[in-house]
Structure formats: C-alpha cells, structure tokens
Amino acid sequence: MSDTIQAAFYHGDRTFAVKDTQAQQPDAGEVAIRIAYCGICGTDMHVFHGNMDARVGFNRIIGHEMSGVVSAVGADVDHVTVGQKAVVRPLAHCGDCPACDAGHMHICHNLKFLGLDTDGAMQEIWTVPAYTVHTLPDDMRLDHAALIEPVAVACHDVRMAELQPGEDVLVIGGGPIGMLCAMAAREAGGKVTISEVNQARLAIAEKLGFETINPKETDPAAAINEKTGGKGADVVFEVSGTQPGVDTMTACAASRGRIVMVAIHAVKPQIDMFQFFWRELKLIGARVYEPADYEKAIALVASGAVDADTVITDVSPLADIQSAFEALDQSPTALKSLIKVGETL
Ligand SMILES: [Zn+2]
Ligand SMILES: [Zn+2]
C-alpha cells in the first residue's frame, strides 16, 4: 500500500517546490503522523537563506515545529495509537557515545536533527522513530500544538536556570524564543522583564503583560537596578545572539546571577569575563530539550500559560510555503508563522 502525499522540497537558492511524493510506511519501531501544522523556525529561515546547504542538501523536506494525528504505527510500538494527537521531539540519538551513556541523549555526539539531517514535517505524512513521539490531550488545538517544540526549548532553558519563584528575570531579545522563555519563566514564578529593540515586538511583550526595556532608549542595567533595588537580575536569558546582548547580560546579572546562553552565537562575541570573577556569575549552556521539557511544554500550552493566539501571527497553506517564507523574511511584525500542511480531522 502506498499513499501519494504533498510535500515541500527545499531546492536551494531560497526556493521550495511543492510536489507529490510517496508517504513512507512505518517500519517496526516507527510511527506515521498526518501533519496538521508546521511552524517556521529561525533554523528553517537559515536553511532558506542558504546558510545550511552543506548540511541539508538540495532535495530536503524541512520542518520540525509540528503537530498532527497518528495515522499508522509499525510493529513493536505500544505507547502510541492511531488517531491520537501528537508532536515529535525531533532528535535521533546514537545510543552509543559518551553523552548517550551519561543519559544526555539530547546532546549526543552524533545527534541527528529530524527535519534538517533527515526529511521533516513540511509533508502531509511524516514517519519518525516512535521514541520521538509525545501524545497530546484530545482537546488541544493543533495550531496551538505546533508551538510545543519551541515552548520545549523555553522549558529547557528555565529548567537549566533552576529558576526559583520570586526571582528577577531578564530576557534579552523578544523574538519567538525570547517571548516563550519569558512566558515559561513567568509560569515558574519569575518576575520577568524583556529587553528588545523592535517596536512591534515590544508592543507584543507589553500585550502579554511583561515589563519591557528598549535599550535604544534606556540603559538596561540602570532599568534593572532600579527595578530590583540595585540587586540586578537573578537569571538572565541571552536570546539575542548579538554583541550588545552579551554586554547587557553581564551588566544586568545580580551577584551570583545565572546567565543562560540560549542564542546561537555564530560569531565569537567579546565577553566581560571580569564580571564572572567579581560577582561570581555563572554561565549555563542550554541546547534543545529532553523528554521532561516536552511534557512540561505540552502542559503549558494546554493550560494557556503560553498565549498561543498572540504568538501565532500568520498561517499559510502548504501550497504557499514559498511566499510564507518570503513574507516572514521581510516582516518586522511577524512572530510565529505556521504552515497548515494538511487536513487531519
Ligand atoms: Zn525550531
Ligand atoms: Zn550518542
């Protein structure tokens, strides 16, 4: 039996082609999911810009921020049944390296990211290893569920920070991940301020109920010190990936403050190392997520602690994936764009 499905192939040079292809049938230990929605990630935008051609090649179906409904299961799969709503934690580990041996499968030395190193979710049926599948409550909206992957990033960041209720938190950078970090930190009891230069994003942050700083107008360290009685932020999330963001993170952290490095700094920034000595700061790396972060993210989306309707700013059908990427690339106001890949119900 084979199913003809639609899929969006990245062909290089900022180009997608939506074509018919054959759905992959699930082998033993695999699950096929009929995809409802797939969000466009910053990483997908890097692919679009041609920055990852060597890794993804020129005939790749990308996409990993998805939601859908299980359509078939292979042999030896018992935690998932056909008809369940589901999301995928898009990490395939080797099971045979020092990181895997230590239980840190999400930073496996040979980690494969599904949707970059393998075909992803911008296709009507996506077949994945069963251990990557998390099932969802029946009443969860599938457009909202497409946020679970980036929310899980935020949940991992907050967990790595060991954030305690009542602590002062600064999020540097109010893009999608920064905004979700702020929501996850607030749900954990943090008193959150977002620093961001883009006016549209500042407006969204305020609509979501966060205090904001525009570093073009106000010195972030002065603002945080005023808010905290001169103490500084107990936890700082660096989500901007910029040199000014790195300067702000050391300037705003409290004594013994924890700084979580969320952004991917492609260029080595200059860091004020003296502050790590003087105020006993801690710098914490955080990469993707573990299963517990996915379960937490599902709970946050289900409870409404993540305001999905405000975060999702655009939805386009799969046939319009090309224009959706072009529009997101140009838009100063978009936060999270979803592709509606197919009908599921
Ligand atoms: Zn992503
Ligand atoms: Zn491994």
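In listed order, ligands and their atoms are each counted from 1. Predicted model only: the values in this text are computed from it and were never measured. In this chain, numbering begins with 1 at the start of the sequence shown.
Of all protein atoms, those that are N, O or S and lie under 2.8 Å from the Zn ion (ligand 2) total 4. Tally of protein N, O or S atoms closer to the Zn ion (ligand 1) than 2.8 Å: 3.
At a threshold of 4.0 Å, the pair Asp272-Arg279 does not count as salt-bridged, since none of the basic side-chain nitrogens sits closer than that to a carboxylate oxygen. The pair Asp307-Lys207 does not count as a salt bridge, with every side-chain nitrogen at least 4.0 angstrom from each carboxylate oxygen.
In this structure, Val88 is not a member of the same hydrophobic cluster as Met105, with clusters built from ILVMFWY side-chain heavy atoms closer than 4.5 Å. Val197 and Leu335 are not part of a single hydrophobic cluster, where members link through side-chain heavy atoms under 4.5 Å apart. A continuous path of ILVMFWY side-chain contacts below 4.5 Å connects Val133 to Phe113, so both sit in one hydrophobic cluster.
With sequence neighbours left out, the side chain to side chain donor-acceptor pair (under 3.5 Å) criterion links Tyr37 to no other residue. Checked against side chain to side chain donor-acceptor pair (under 3.5 Å), Ser240 has the following partners two or more places apart in sequence or in another chain: Glu238, Thr242.
Arg34 places no side-chain N or O within donor-acceptor distance of the main-chain N or O of Ser71, the cut-off being under 3.5 Å.
Cation-pi geometry between Arg14 and Phe325 is not met at under 6.0 angstrom from the ring centre and within 45 degrees of the axis.
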